[in-house]
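Position 1 is the first residue of the sequence; numbering continues from there.
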Amino acid sequence: VTDDVRYVIPMSAHLGVSFHPDLGGFSNLIDPIIHAQYSLPFVEAEEAPSFWSSVHLGAEITALRFIKARVGLNQGYVTAGAGIHLLFLDFNVAYFSRELGSFAGAQQSQGVTAEVALRF
């Protein structure tokens with residue numbers, strides 16, 4: 001007896017770019033950076049995610065070298081966060097959503113995360 005069972009190893013390719021403008025002396029006050037990434041999973045055509053499920057965009061602005069504000073688009077959902085670095089203490093908080101289904105809007109999962117770290 002033979003079974004026609006196929007085993008698929010999940011693979012994907014990711015293409016990303018980042019832009020960090022050099023603002024010279026002004027970067028002590030404000031320092032922006034922008035990221036973009038597209039993920040291409042190698043799956044059957046009927047299982048392929050939608051375009052928005054594969055897009056990840058983000059921007060981060062550092063103000064006064066210790067305050068950070070972040071905003072982004074993850075799989076079609078808005079994300080946001082903030083952080084502060086004081087001497088050796090870091091505090092970060094973020095709100096995010098991610099898609100667990102095959103296309104944007106199918107199965108959204110939301111979360112909030114917070115981090116406190118001592119860094120020497």
Report task. Look at the side chain of H85 and the backbone N and O of L87, then say whether any donor-acceptor pair between them is shorter than 3.5 Å. Result -> yes

Query raised in the report: Which residues pass the side-chain contact (heavy atoms from CB on, under 4.5 Å) test with L86, sequence neighbours left out?
Result: F66, I84

Query raised in the report: Going by heavy atoms in the side chains, are L118 and L89 under 4.5 Å from each other?
Result: yes

Query raised in the report: Is there a side-chain contact between L64 and L29, using heavy atoms and a 4.5 Å cut-off?
Result: yes

Report task. Tell me, with the steps shown, if K68 and I61 meet side chain to side chain contact (heavy atoms under 4.5 Å, CB included). Result -> CA-CA 6 Å; K68 295 187 181 207; I61 296 176; over 6 Å; no

Query raised in the report: Do Y77 and F96 have ring centres separated by under 6.0 Å?
Result: no

Query raised in the report: Can you find a heavy atom in the side chain of T62 that is under 4.5 Å from one in the side chain of S27?
Result: no

Query raised in the report: Is V116 close to D90 at the side-chain level, that is, under 4.5 Å between some pair of heavy atoms?
Result: no

Query raised in the report: Given side chains that start at C-beta, do those of H35 and V17 come closer than 4.5 Å, heavy atoms only?
Result: no

Requested in this report: Please check if V55 and I33 belong to a single hydrophobic cluster, counting links between Ile, Leu, Val, Met, Phe, Trp and Tyr side chain heavy atoms closer than 4.5 Å.
Outcome: no

Query raised in the report: Taking the side chain as C-beta and beyond, is there a heavy-atom pair between F51 and S53 under 4.5 Å?
Result: no

Query raised in the report: Taking it one step at a time, do Q37 and S39 satisfy side-chain hydrogen bond (donor to acceptor under 3.5 Å, both in side chains)?
Result: CA-CA 7 Å; Q37 176 182 310; S39 301; 3.2 Å; yes

Report task. Looking only at non-hydrogen atoms, find the nearest pair between S12 and P41 and report the distance. Result -> CB-CA, 3.5 Å

**Report entry** hydrophobic_cluster_shared for M11 and Y38, side chain cutoff 4.5 Å
**Finding:** yes

Query raised in the report: Between H20 and S18, does a side-chain hydrogen bond (donor to acceptor under 3.5 Å, both in side chains) hold up when you go through it step by step?
Result: CA-CA 7 Å; H20 189 187; S18 174; over 6 Å; no

Query raised in the report: Going from CD on E60 to CG on D31, what distance comes out if it is rounded to the nearest 0.5 angstrom?
Result: 8.5 Å

Requested in this report: Not counting sequence neighbours, which residues clear side chain to side chain donor-acceptor pair (under 3.5 Å) with R98? List them please.
Outcome: none

Query raised in the report: With sequence neighbours excluded, what pairs up with S97 under the side chain to side chain donor-acceptor pair (under 3.5 Å) test?
Result: Y95, Q108

Query raised in the report: Which of these passes side chain to side chain contact (heavy atoms under 4.5 Å, CB included) with L57: V71, T79, L73, I34?
Result: L73

